[in-house]
Amino acid sequence: MNTWLLKPGELSLKGGNRKSFEDVLKRNLLAMLNKAKPGMARIEFRSGRFFVHGAEEDSAAIENVLSRLIGISGWAKTHAYPKTAEDVMRACVAEGEKIHAAGIGTFKIEARRTDKSFPLDSYALRSKGGEVVLDAVPGLKVDVHHPEAIIQIEIREKAYVYSNARKGLRGLPVGTAGRGLLLLSGGIDSPVAGFLMASRGMGIDAVHFHAYPYTSAEARSKVIRLAEILGSYCMGIRLYVVGFTKVQMRIKETSPLPWSTVLLRMAMMDCAEQIARRVKSKCIITGESLSQVASQTIENINCTQSGITIPVLRPLIGMDKESIIRKAEYIGTYKTSIEPYEDCCVLFSPPHPILCGDPVEASRLYQALELKPLIEQALADCEKINI
Ligand code: ATP
Ligand code: MG
């Protein structure tokens, strides 16, 4: 039986609410483990740490869950050792041998003692641990400033020693900050926007607009796959797929061409707000980044949100494309996002789009489109997919 030790992240900052944050984290962890393989692991929560117990053969599946769990700052595979100084020192030597065999030359020891009855305090654990490792593993050196590996000792209800601590996704457990409705295109940006809000504890619903038959079935399947990847971090997603062909045709046929993208965005926001109200999402989330494209200048952003009465969150607003791409690679959506299927926006995008739309003019043009019945129909025909 193996044990994984998990450190809750920002939770430690929460005062009176802390327990409810821990409960959500526990619920998410259990649900993710059981989804990977029912009954695969047992979890335990003691004095500020989560412990996952599971079999060696399930290690990869358990670690896959831990690497996707929002709300922990780090985790490590470890063993529970008897709480004697000899056992702990023996475990330190074993870790020293392991890191040396992996080609590591420098280390330091970190120690934490929550059980104050243990005879060695954290200072003594560090110095004695360092000493026994140096004696037993020639070739290893101590470097307290820039060690290649850290051997960690935790003296709790049992003793834990490990050297393979991994960084967690940090943030707050999904489900502690309400729900938001993500405008999910098939592009690079919007899945990252959803991930960032999930990292702040927000549950994610998503809406995708397509213009079938101008957009393909492949484009739709791509969006579903993106929602699946995103959903693996945020406890699933309710995805609403809305046909917007008639809305787009109306805009194309009756509005000044330079305005078409801004008006389409306004229609998306309008429709999204209605879905958000129905499904009790508290805000709209988009992947907009300031001035990335013509429809995302500050003036045009002002046009697209006019008339919307719930908050519109744009977590990427100050990020450059390079950083967004890096984040997309990190969460695993990038490869899918760059598959070459057209988004409905691109299909009707004008050669010379308006750059600095006036919100009064935007509202006037939008009203003149009389989209209400078309949007109502689109909502009535909307497809719901539970991911
Ligand atoms: P992305 O990678 O998110 O597609 P982008 O750079 O292509 O970003 P735009 O196409 O201008 O940006 O879209 C801006 C935002 O509008 C998107 O991030 C997304 O939130 C929303 N959006 C665009 N197209 C759609 C769509 N077909 N369905 C739902 N939301 C959309
Ligand atoms: Mg897009």
Side-chain angles (χ1 to χ4, degrees), residues 180-197 204-212 214-216 218-227 229-230 237-245 247-248 251 260-276 281 283-298 300-301 303-305 308 312-317 319-329 331 333-350 353-355 357 375 378-379 382-383 385:
L181 181 68
L182 171 68
L183 266 68
L184 181 63
S185 70
I188 297 164
D189 304 334
S190 41
V192 175
F195 176 81
L196 290 181
M197 292 324 300
I204 304 293
D205 299 311
V207 56
H208 174 69
F209 298 97
H210 68 83
Y212 190 77
Y214 300 98
T215 54
S216 59
E218 285 90 341
R220 179 180 179 280
S221 109
K222 171 183 170 179
V223 168
I224 293 173
R225 280 180 284 128
L226 285 173
I229 300 171
L230 185 57
I237 285 183
R238 294 181 292 191
L239 172 66
Y240 300 87
V241 181
V242 178
F244 240 33
T245 315
V247 170
Q248 287 198 250
I251 293 172
S260 53
T261 309
V262 171
L263 291 170
L264 174 59
R265 280 295 138 67
M266 291 173 79
M268 285 182 180
M269 289 286 203
D270 189 354
C271 186
E273 178 167 27
Q274 297 185 51
I275 295 176
S281 266
C283 62
I284 292 172
I285 303 162
T286 79
E288 289 163 306
S289 158
L290 190 63
S291 300
Q292 189 191 74
V293 288
S295 60
Q296 293 167 32
T297 61
I298 188 62
N300 286 346
I301 284 178
C303 292
T304 46
Q305 75 172 26
I308 303 301
V312 180
L313 304 184
R314 301 177 179 86
L316 311 186
I317 198 71
M319 281 172 79
D320 59 76
K321 195 77 189 187
E322 183 104 14
S323 322
I324 299 171
I325 289 175
R326 245 182 284 132
K327 197 81 186 172
E329 286 171 335
I331 65 175
T333 50
Y334 183 69
K335 276 201 187 117
T336 307
S337 286
I338 58 172
E339 288 175 16
Y341 307 115
E342 297 280 84
D343 184 47
C344 62
C345 303
V346 182
L347 288 172
F348 297 90
S349 64
I354 190 148
L355 290 177
I375 289 181
L379 281 171
C382 145
E383 181 190 1
I385 304 171

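Whatever order the structure lists them in is the order used to number ligands and atoms, beginning at 1. Nothing here was measured: the structure is a model prediction, and the numbers come from that model.
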Check against side chain to side chain contact (heavy atoms under 4.5 Å, CB included), Gln292 and Leu316: CA-CA 10 Å; Gln292 189 191 74; Leu316 311 186; over 6 Å; no

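The shortest N or O to N or O distance between Val207 and ligand 1 is not under 3.5 Å. Note: an N/O pair closer than 3.5 Å links Ile188 and ligand 1 by distance alone.
Within the set Ala294, Gly287, Ser289, the minimum heavy-atom distance to atom 18 (O) of ligand 1 is found for Gly287. Between the choices Thr304, Leu183, Asn300, Leu264, the shortest heavy-atom distance to atom 20 (O) of ligand 1 belongs to Leu183. When the heavy-atom distances from atom 9 (P) of ligand 1 to Met269, Arg265, Met268 are ranked, the shortest goes to Arg265. For the residues Lys321, Arg314, Glu288, Gln296, the heavy atom positioned nearest atom 12 (O) of ligand 1 is part of Gln296. The residue from Asp189, Leu182, Val223 that puts a heavy atom closest to atom 5 (P) of ligand 1 is Asp189. Comparing Ala219, Ser190, Ala272, Ala193 by heavy-atom distance to atom 3 (O) of ligand 1, the nearest is Ser190.
Of the inter-residue distances, the one linking Thr215 atom OG1 with Lys222 atom NZ reads 11.5 Å to the nearest 0.5 angstrom. Rounded to the nearest 0.5 Å, atoms OG1 (Thr333) and CD1 (Ile325) are 10.5 Å apart.
Counted within 6.0 Å of NZ on Lys335, heavy atoms from surrounding residues, nucleotides or ligands total 12 or fewer; the atom is thus considered open.
A donor-acceptor pair is defined here as one N or O able to donate and one able to accept, closer than 3.5 Å; such a pair exists between the side chain of Gln296 and the backbone of Ser289. Asn300 contributes a side-chain N or O that, together with a main-chain N or O of Leu355, makes up a donor-acceptor pair within less than 3.5 Å. Of the possible donor and acceptor atoms, one in the side chain of Ser190 sits under 3.5 Å from a partner among the backbone N and O of Ser185. Although no hydrogens or angles enter the test, the distance criterion places a donor-acceptor pair under 3.5 Å between the side chain of Ser337 and the main chain of Gly187.
The closest approach between any non-hydrogen atom of His210 and ligand 1 is not below 4.0 Å.
Remark: ligand 1 atoms within the under-4.0 Å shell around heavy atoms of Thr286 are 20 (O). Residue Gln292 approaches ligand 1 through these ligand atoms, each under 4.0 Å from one of its heavy atoms: 5 (P), 6 (O). If you number the atoms of ligand 1 from 1 as listed, the ones under 4.0 Å from a heavy atom of Val293 come out as 11 (O).
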